[in-house]
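Beneath this line is the structure, given in structure tokens, with notes to follow.
What you see is a predicted model, and the numbers here were worked out from it, not measured in a lab. Proteins get letters first, then strands, A, B, ... in listed order; numbering begins at 1 in each.
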There are 2 protein chains.
Amino acid sequence: MTKPSSLPKPPPAQDDARRKRMTPAARAQHILDEAAAFFAERGLATSTRELAARLGVAQALIYRYFPSKRMLIDKVFETTFARLWDDDWTMLLANRAQPLEERVARLYVAYLERAGALSVRLFVRAGLEGADMARRYSVPLTEKLLRPMIGALRADSGLPDFDQAPMLRGERELAMALHGAVVFLGIRKHVYAMPMPDDLSDLVRLQVRVFLDGARRELARLHDGTAEDSLTVQQLDRRRQRRAPAPPDSTA
Amino acid sequence: MTKPSSLPKPPPAQDDARRKRMTPAARAQHILDEAAAFFAERGLATSTRELAARLGVAQALIYRYFPSKRMLIDKVFETTFARLWDDDWTMLLANRAQPLEERVARLYVAYLERAGALSVRLFVRAGLEGADMARRYSVPLTEKLLRPMIGALRADSGLPDFDQAPMLRGERELAMALHGAVVFLGIRKHVYAMPMPDDLSDLVRLQVRVFLDGARRELARLHDGTAEDSLTVQQLDRRRQRRAPAPPDSTA
DNA sequence: CGGATAGCTGGTCAATTGCTCAATAAGCTC
DNA sequence: GAGCTTATTGAGCAATTGACCAGCTATCCG
């Protein structure tokens with residue numbers, strides 16, 4: 001046991017939660033992390049006293065770092081939502097060295113893994129609680145997942161990219177078919193607690209296989225203009241106005 | 001205005017909730033129905049006093065009909081779960097007078113409509129709360145929806161029925177792909193409150209179209225081997241890789 | 001009309017809730 | 001080691017919670 005007083009900062013092990021005193025930043029993070037897991041498991045209505053017990057800390061301490069329970073929950077939502085997305089997904093999807101099925105499967109295996117029980121449960125709780133999911137979830141979902149997804153699908157089918165043809169409402173809903181099926185895997189496991197394998201990869205791959213077969217055809221329908229029944233009337237009108245004749249489709 | 005005192009029972013209008021006195025059966029039903037909507041909207045943690053206010057009734061009255069809040073909630077779950085299933089769905093799916101796509105689409109439009117905002121939110125709440133969803137939801141789901149669904153799919157593809165080949169694990173997951181996608185439509189609308197059309201029929205039909213294309217092929221893959229009903233999806237995959245190259249696809 | 005049955009209410013209790021504050025003590029600097 | 005800063009605590013408050021009960025009164029029957 002040497003005497004480290006000569007060093008300005010002896011290894012403080014700031015990540016050790018059992019320390020009596022922590023730096024404000026570390027303590028705030030500590031509370032935030034535990035609160036996320038705690039509220040995900042036990043529900044947002046569970047008392048701050050129980051959370052404090054889990055933290056091994058006096059209940060009053062929580063209020064030194066967060067002005068109210070509401071604000072703590074909001075912060076939990078904020079950070080959990082922000083953590084979900086991975087910008088690498090765009091590149092992963094665009095990498096045509098691998099077959100489309102493999103890329104999409106990898107993407108959604110990664111998505112489910114990144115979400116995990118905590119996020120899945122928190123997201124559903126946030127939705128029920130009236131958090132602004134449309135802004136917090138739907139918007140980044142479209143930009144960081146669905147759009148790259150449709151781009152890859154289009155490229156795979158030899159269809160024009162977004163520069164030449166903006167994303168169609170029907171395309172978003174098409175991508176949502178797979179997204180919904182995969183997310184529902186997580187909901188079955190983490191919300192409904194149904195018997196599911198530890199590793200959902202094989203189930204994800206099944207969803208992807210089923211989806212891709214139908215999606216290629218549907219995408220072709222959407223772009224050759226025959227089956228546009230999934231679009232709203234207004235969108236159809238706008239779309240018809242935009243293109244004078246039917247665009248010649250040179251692809252197979 | 002005739003004097004109805006001579007009649008043993010003048011029209012009592014027992015369904016009028018504003019009446020001061022109701023028969024125990026009617027009052028219990030009244031409380032149960034309102035509680036379902038109330039807890040679905042506001043959450044299970046909302047106070048019985050607020051529920052009583054919505055009922056236009058003293059809070060103590062609830063406890064005359066239900067021994068505790070917990071028991072009331074359980075009863076709400078029980079009745080809501082029971083109401084979901086419709087035995088006509090089996091016949092609807094088996095009616096080969098209509099094309100498969102039409103039958104499946106009608107089924108899931110009916111399913112979503114029957115569920116509605118109330119059930120969707122209550123189901124998710126029940127899952128988060130730790131209600132036994134595997135028994136209450138998953139089992140009837142398989143029997144009343146997925147099994148008839150697979151039966152229709154098999155018949156459509158000229159595959160043997162359940163008498164000759166029991167349902168495969170992979171088939172259930174296959175049907176779950178569509179189920180998940182459709183349920184996620186309801187979750188987007190009723191839980192996440194995302195902007196969705198009033199009528200989800202068109203979106204359901206899109207999901208069904210996409211699903212059926214892929215499902216027919218996947219079903220053929222599942223059935224082209226020997227009896228694989230006891231194998232997991234993973235085992236099936238491994239086995240498929242071991243076998244000859246890609247399976248010949250005889251369908252259009 | 002008048003008594004009796006029973007559906008219903010107002011009032012109340014113990015426990016729990018979010019939140020506050022003065023007091024304590026951990027860990028830094030000299 | 002002394003002293004100072006401040007992270008942490010325990011006690012406590014007002015409001016809300018689930019649950020209960022004695023009494024009120026709407027409704028029926030003779």
Grab the [atom1]-[atom2] distance between [X] and [N] for me, whole Å please.
X        : N       : atom1 : atom2 : answer
Leu44(A) : dG18(C) : CG    : C1'   : 15 Å
Leu51(B) : dT17(D) : CG    : C1'   : 14 Å
Gln59(A) : dA7(D)  : CD    : P     : 19 Å
Met22(B) : dT9(C)  : CE    : C1'   : 17 Å
Leu55(A) : dT9(D)  : CG    : C1'   : 14 Å
Ile31(B) : dC8(C)  : CD1   : C1'   : 11 Å
Ile62(A) : dG10(D) : CD1   : P     : 14 Å

| field | Short side-chain N/O contact to dG18(D) OP1/OP2 from Thr48(B), under 4.0 Å | value | yes
| Val124(B) side chain near Tyr192(A) side chain, heavy-atom distance below 4.5 Å |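 They are in contact (side-chain heavy atoms under 4.5 Å apart), so the answer is yes.
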| task | Please name the residue in the list Asp88(B), Asp87(B), Asp86(B) that meets the salt bridge (Lys or Arg N to Asp or Glu O under 4.0 Å) test with Lys144(B). | result | Asp87(B)
| Given the rule in the side-chain contact (heavy atoms from CB on, under 4.5 Å) test, do His179(A) and Tyr108(A) qualify, once you have shown the distances and angles that lead to the verdict? | CA-CA 8 Å; His179(A) 188 78; Tyr108(A) 268 110; 2.8 Å; yes
| query | Can you find a donor-acceptor N/O pair under 3.5 angstrom joining the side chain of Arg49(A) to the base of dG12(D)? | reply | yes
| message | Is it the case that dG7(C) (base atoms only) and Arg27(B) (side chain only) share a donor and an acceptor within less than 3.5 Å, ignoring hydrogens and angles? | response |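 No pair found.
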| field | Salt-bridge contact Arg205(A)-Asp202(A) (side-chain N to carboxylate O under 4.0 Å) | value | no
| query | Is Glu41(B) salt-bridged to Arg54(B), going by a charged N under 4.0 Å from an acidic O? | reply |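 Salt bridge present between Glu41(B) and Arg54(B).
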| remark: Of the candidates dG10(D), dG7(C), dG18(D), the side chain of Pro24(B) sits closest to dG7(C)
| Closest to the Ser47(A) side chain, choosing from dG10(D), dC8(C), dG18(C) |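 Closest of the options to the side chain of Ser47(A): dG18(C).
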| query | With a cut-off of 6.0 Å (strictly less than), are more than 12 heavy atoms of other residues, nucleotides or ligands near CD of Glu143(A)? | reply |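 Check passes, neighbour count above 12.
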Contacts under 3.5 Å, N or O only, protein and nucleotides 24-26 of chain D:
from, atom 1, to, atom 2, distance (Å)
dA26(D), N3, Arg21(B), NH1, 2.7

| How far does CD1 of Ile62(A) sit from CG of Leu32(A), to the nearest 0.5 angstrom? | 11.5 Å
| query | Under the 6.0 Å and 45° cation-pi test, does Arg147(B) pair with Phe162(B)? | reply | yes
| message | Among residues 63-80 of chain A, which ones have heavy-atom contacts with DNA chain D below 4.0 Å? | response | Arg64(A), Tyr65(A)
| request: Please step through salt bridge (Lys or Arg N to Asp or Glu O under 4.0 Å) for the pair Glu173(A) and Arg188(B), ending with a clear verdict. | output: CA-CA 12 Å; Glu173(A) 287 303 328; Arg188(B) 280 205 277 159; 2.5 Å; yes
